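These numbers were taken from a predicted model, which means no experiment stands behind them. Counting begins at 1 with the first residue of the sequence.
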Amino acid sequence: IRAFLKAGVMEDGWVKPNKLGVPQGDPLSPILSNIYLDKMDKELEQRGLRFVRYADDCNIFFKSGKSAKRVMNSISSWLERKLFLKV
């Protein structure tokens with residue numbers, strides 16, 4: 001995994017180093033997202049929420065806008081505290 005992350009990206013025929021994270025479109029990206037966000041899946045399941053996630057895209061389903069806003073704030077806070085991600 002480390003070799004893939006340090007391989008760099010091709011821009012205008014030149015290989016340039018990655019500055020941060022996994023390059024967009026890299027096949028490693030959805031794999032790492034699924035590994036890292038597994039904890040979020042378990043948290044959403046524990047809360048009894050209905051959701052669908054592929055890689056870093058997640059949809060959580062609600063019956064009301066009020067519930068959606070409440071959970072968005074709660075999950076965003078959880079992601080920042082537990083997984084150190086910025087939403």
Side-chain angles (χ1 to χ4, degrees):
I1 291 175
R2 187 178 316 275
F4 278 109
L5 293 175
K6 293 188 179 269
V9 294
M10 179 80 70
E11 288 182 13
D12 300 322
W14 297 92
V15 176
K16 297 182 180 181
N18 293 354
K19 294 196 177 16
L20 182 66
V22 181
Q24 186 172 355
D26 191 291
L28 191 59
S29 182
I31 295 167
L32 292 178
S33 292
N34 284 327
I35 292 169
Y36 196 72
L37 292 174
D38 183 62
K39 290 179 183 177
M40 183 184 78
D41 293 347
K42 287 180 173 53
E43 179 68 18
L44 295 174
E45 288 170 354
Q46 185 177 0
R47 294 181 183 203
L49 298 171
R50 297 182 330 152
F51 69 97
V52 175
R53 186 179 64 76
Y54 175 76
D56 63 347
D57 293 322
C58 184
N59 292 319
I60 306 172
F61 304 99
F62 302 95
K63 292 184 179 180
S64 74
K66 185 176 180 180
S67 295
K69 288 178 185 176
R70 180 179 46 79
V71 173
M72 177 65 176
N73 290 334
S74 175
I75 290 297
S76 296
S77 175
W78 185 89
L79 285 167
E80 290 177 7
R81 284 183 292 109
K82 300 291 186 175
L83 298 183
F84 310 104
L85 296 173
K86 179 141 176 73
V87 178

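A side-chain donor-acceptor contact under 3.5 Å links Ser33 to the backbone of Ser29.
Listed by chain and number, the hydrophobic cluster partners of Ile31 are Ile35, where partners are ILVMFWY side chains within reach of under 4.5 Å, directly or through others.
Residues that satisfy the salt bridge (charged side-chain N to carboxylate O under 4.0 Å, His left out) test with Asp38, not counting sequence neighbours, are Lys42. Among residues two or more places apart in sequence or in another chain, the side chain to side chain contact (heavy atoms under 4.5 Å, CB included) test is passed with Gln46 by Glu43. Residues forming a salt bridge (charged side-chain N to carboxylate O under 4.0 Å, His left out) with Arg53 (at least two apart in sequence, or on another chain): Asp41.
Under the 4.5 Å side-chain heavy-atom criterion for grouping Ile, Leu, Val, Met, Phe, Trp and Tyr, Tyr36 is not connected to Leu28 through any hydrophobic cluster. In this structure, Val71 is a member of the same hydrophobic cluster as Leu37, with clusters built from ILVMFWY side-chain heavy atoms closer than 4.5 Å.
The nearest pair of heavy atoms linking Pro30 to Pro27 is CD-O, 3.4 Å.
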Could you go through residues 54-64 and list every donor-acceptor pair under 3.5 Å that involves a side-chain atom there, pairing it with any protein atom two or more places apart or in another chain?
| unit_1 | atom_1 | unit_2 | atom_2 | d |
| --- | --- | --- | --- | --- |
| Ser64 | OG | Ser67 | N | 3.1 |
| Ser64 | OG | Ser67 | OG | 3.0 |

N/O donor to acceptor pairs below 3.5 angstrom from side-chain atoms of residues 78-87, sequence neighbours left out:
| unit_1 | atom_1 | unit_2 | atom_2 | d |
| --- | --- | --- | --- | --- |
| Arg81 | NE | Ser77 | OG | 3.2 |

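Between Arg70 atom CZ and Ile75 atom CD1 the span is 10.0 Å, to the nearest 0.5 Å.
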